[in-house]
Trainee: 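Quick one: the structure is below, and I'll ask about it shortly.
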Amino acid sequence: MTTIKHRTNNTDYGVEAPPADAPLTTLNDYYWTKDQEAHGIRRKLILKKYPEVTKLTGYEPVTKYWVLLVLAIQFTCAYLLRNTPVLSARFIATAYVVGATANQAVFLAIHELSHNLLFKKPVHNKLFAIFTNMPIGIPYSASFQPYHQLHHKFLGDEHLDTDLPTRFESMVLSNVLGKVFFATFQIFFYALRPMFITQINFTKFHLINIVWVFLVDYVMVSAWGINSLWYFIMSSFLAGSLHPCAGHFIAEHYVLNDNNKPRQAVKDAEGNNIDLPPLETYSYYGILNLVTWNVGYHNEHHDFPYIAWTKLPELRRIAADFYDPLPQVTSWTGVLWWFCTRDINTLWNRIKRHGKVTSGRKVGVRLDVN
């Protein structure tokens, strides 16, 4: 394992990264870094060069109407399928094509709400997230927000970023069959992993979330039958499984394909070699952003998490000189295929940071950049 430097906008930061042709025992580890993630650095540089970006921040009122449309579609399908056998081709096809796409939009609407991007007041965002939770079938929104905030604040922290696979997952699931299993059941890994890594406080919003979702489930089953609830559950499962939109879970932060291969060394001003380590976040600018609230603009989102989905393309246009040179993901469907079938793509392919204990709580290491 060697420490290498990455020069971005005249800023150096170190990453411990094994070369792709290293022994298997060396490859079976994450990319470890001791320094601050690039998003905070890039945010400061963009704001310095393009201060008008601050005008893009803030909530987007129109989003709630699109969310209501998605909810209406899901409840309409649940009603129409109330007497359709769960394992019939019609039921499964509807759940995959319509339901999974819609529930992925529901997941990501809750993601927007976790950043308070639908309403001015945070409490209104929390309550609307609980309302939006209905088609998922199980309580989700109240737990998602605190874990997702940790993901942003402590990106790559081995204890606080629950988006990262655990060492056990990486050891067991980095073969082809394991990766297919992981990609098929992603939804369960993202739902259950946080509880084994770090705990959050149970609040009144968790209670409201549980009571509301189960009450809606009960009323719907009483009025329409159990198959309507199974439609919601199947839609949620497929939304986090082998579905094109589910590719974003892996595409956002896994170091895949050519990005995981050794780069050709370049020289700095003093003539020293600078090897380029992989980047930590990847954006996708394809058509599926139309049904996922532009979550593919992921570098832009992590740089400016309080810019709503409708303004992210404008952010990229303004700061094109920062974003155009970054590696991009061209296909979420391709990501699922490449991840499962290529040996170089494994669950080890993530950037991680060691945390440290300060004043009785675990926080991520944040070092000043020279």
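Computed from a prediction, not measured in an experiment: that's the story for all the values here.
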Trainee: Given 3.5 Å as the limit, does a donor-acceptor pair link the side chain of S283 with the main chain of N299, or not?
Mentor: yes

Trainee: What pairs of residues pass the salt bridge (charged side-chain N to carboxylate O under 4.0 Å, His left out) test when at least one of them lies in residues 322-351, not counting sequence neighbours?
Mentor: D163-R350, R316-D324

Trainee: Over 60° means perpendicular and under 30° means parallel, so classify the ring planes of F144 and H148, tilted if in between.
Mentor: parallel

Trainee: Count the heavy atoms belonging to other residues, nucleotides or ligands that lie under 6.0 Å from CH2 of W230, then report whether that count exceeds 12.
Mentor: no

Trainee: To the nearest 0.5 Å, what is the distance between CD1 on I307 and CD on E314?
Mentor: 9.5 Å

Trainee: Can you name the ring-ring contact (aromatic ring centres under 6.0 Å, His included) partners of F91, sequence neighbours left out?
Mentor: none

Trainee: Using side-chain heavy atoms (C-beta onward) and a distance below 4.5 Å, is Q145 in contact with F205?
Mentor: no

Trainee: Do S236 and Y140 have a side chain donor and acceptor closer than 3.5 Å?
Mentor: no

Trainee: For the residue pair S174 and W348, what are the closest heavy atoms and their distance?
Mentor: OG-CD1, 3.5 Å

Trainee: Going only through I, L, V, M, F, W and Y residues with side-chain contacts under 4.5 Å, is there a path from I138 to F128?
Mentor: yes

Trainee: Counting the benzene-type ring for Trp, do Y231 and F75 have ring centres under 6.0 Å apart?
Mentor: no

Trainee: Could you check whether any side-chain heavy atom of F154 comes within less than 4.5 Å of a side-chain heavy atom of R353, counting everything from C-beta outward?
Mentor: no

Trainee: According to ring-ring contact (aromatic ring centres under 6.0 Å, His included), who are the partners of Y285, at least two apart in sequence or on a separate chain?
Mentor: Y297

Trainee: Would you say H248 and Q104 are linked by a side-chain donor-acceptor pair, where the criterion is simply a distance under 3.5 Å?
Mentor: yes

Trainee: For S141, is there any backbone N or O sitting under 3.5 Å from a side-chain donor or acceptor partner on N209?
Mentor: yes

Trainee: Each residue besides L207 in its hydrophobic cluster should be listed here, by chain and number; the cluster joins Ile, Leu, Val, Met, Phe, Trp and Tyr at side-chain heavy-atom distances under 4.5 Å.
Mentor: F202, I210, V211, F214

Trainee: In terms of the angle between their ring planes, are Y79 and W224 parallel, tilted or perpendicular, with boundaries placed at 30° and 60°?
Mentor: perpendicular

Trainee: Keeping to residues at least two apart or across chains, list the side-chain hydrogen bond (donor to acceptor under 3.5 Å, both in side chains) pairs with something in residues 62-71.
Mentor: T63-W309

Trainee: Would you please indicate if the ring centroids of H298 and H39 are separated by under 6.0 Å?
Mentor: no

Trainee: Determine whether more than 12 heavy atoms belonging to other residues, nucleotides or ligands lie under 6.0 Å from atom CD1 of I287.
Mentor: no

Trainee: Provide the closest heavy-atom pair for A78 versus F232 in the form atom of the first, atom of the second, distance.
Mentor: CB-CE2, 3.8 Å

Trainee: Does a side-chain heavy-atom distance below 4.5 Å link L279 with N259?
Mentor: no

Trainee: When you compare the side chain of E300 with that of N294, does any pair of heavy atoms fall below 4.5 Å?
Mentor: no

Trainee: Please work out which of the three classes, parallel, tilted or perpendicular, describes the rings of F181 and F185, given edges at 30° and 60°.
Mentor: tilted

Trainee: Using a 4.5 Å cut-off on heavy atoms from C-beta on, say whether the side chain of N125 contacts that of Y59.
Mentor: no

Trainee: Establish, from distance only, whether the side-chain atoms of S114 and H111 form a donor-acceptor pair under 3.5 Å.
Mentor: no

Trainee: Can you name the nearest heavy-atom pair linking L347 to Y254, along with the distance?
Mentor: CA-CE2, 3.9 Å

Trainee: Within this structure, what is the OG1-CG distance for the pair T94 and L80, rounded to the nearest 0.5 Å?
Mentor: 9.0 Å

Trainee: Is F131 reachable from L215 through a run of hydrophobic residues whose side-chain heavy atoms are each under 4.5 Å from the next?
Mentor: no

Trainee: How close do Y147 and Q199 get, heavy atom to heavy atom, and via which atoms?
Mentor: OH-CA, 4.0 Å

Trainee: What about W212 and V219, same hydrophobic cluster or not, with Ile/Leu/Val/Met/Phe/Trp/Tyr joined at side-chain heavy-atom distances under 4.5 Å?
Mentor: no

Trainee: Going by the angle between their ring planes, with limits at 30° and 60°, are F188 and F237 parallel, tilted or perpendicular?
Mentor: tilted

Trainee: Per the salt bridge (charged side-chain N to carboxylate O under 4.0 Å, His left out) rule, what does the pair list look like for residues 172-195, sequence neighbours excluded?
Mentor: E169-R193

Trainee: Parallel, tilted or perpendicular for H253 and H151, by the 30°/60° rule?
Mentor: perpendicular

Trainee: Would you compute the distance between atom CG of N227 and atom CD1 of I233 and round it to the nearest 0.5 angstrom?
Mentor: 12.5 Å

Trainee: Are L229 and I136 grouped together when hydrophobic residues (ILVMFWY) are joined by side-chain heavy atoms under 4.5 angstrom apart?
Mentor: yes

Trainee: Going from NE2 on H243 to OG1 on T333, what distance comes out if it is rounded to the nearest 0.5 angstrom?
Mentor: 9.0 Å

Trainee: Same cluster or not: are L117 and V53 linked, directly or through other Ile, Leu, Val, Met, Phe, Trp or Tyr residues, by side-chain heavy atoms under 4.5 angstrom apart?
Mentor: no

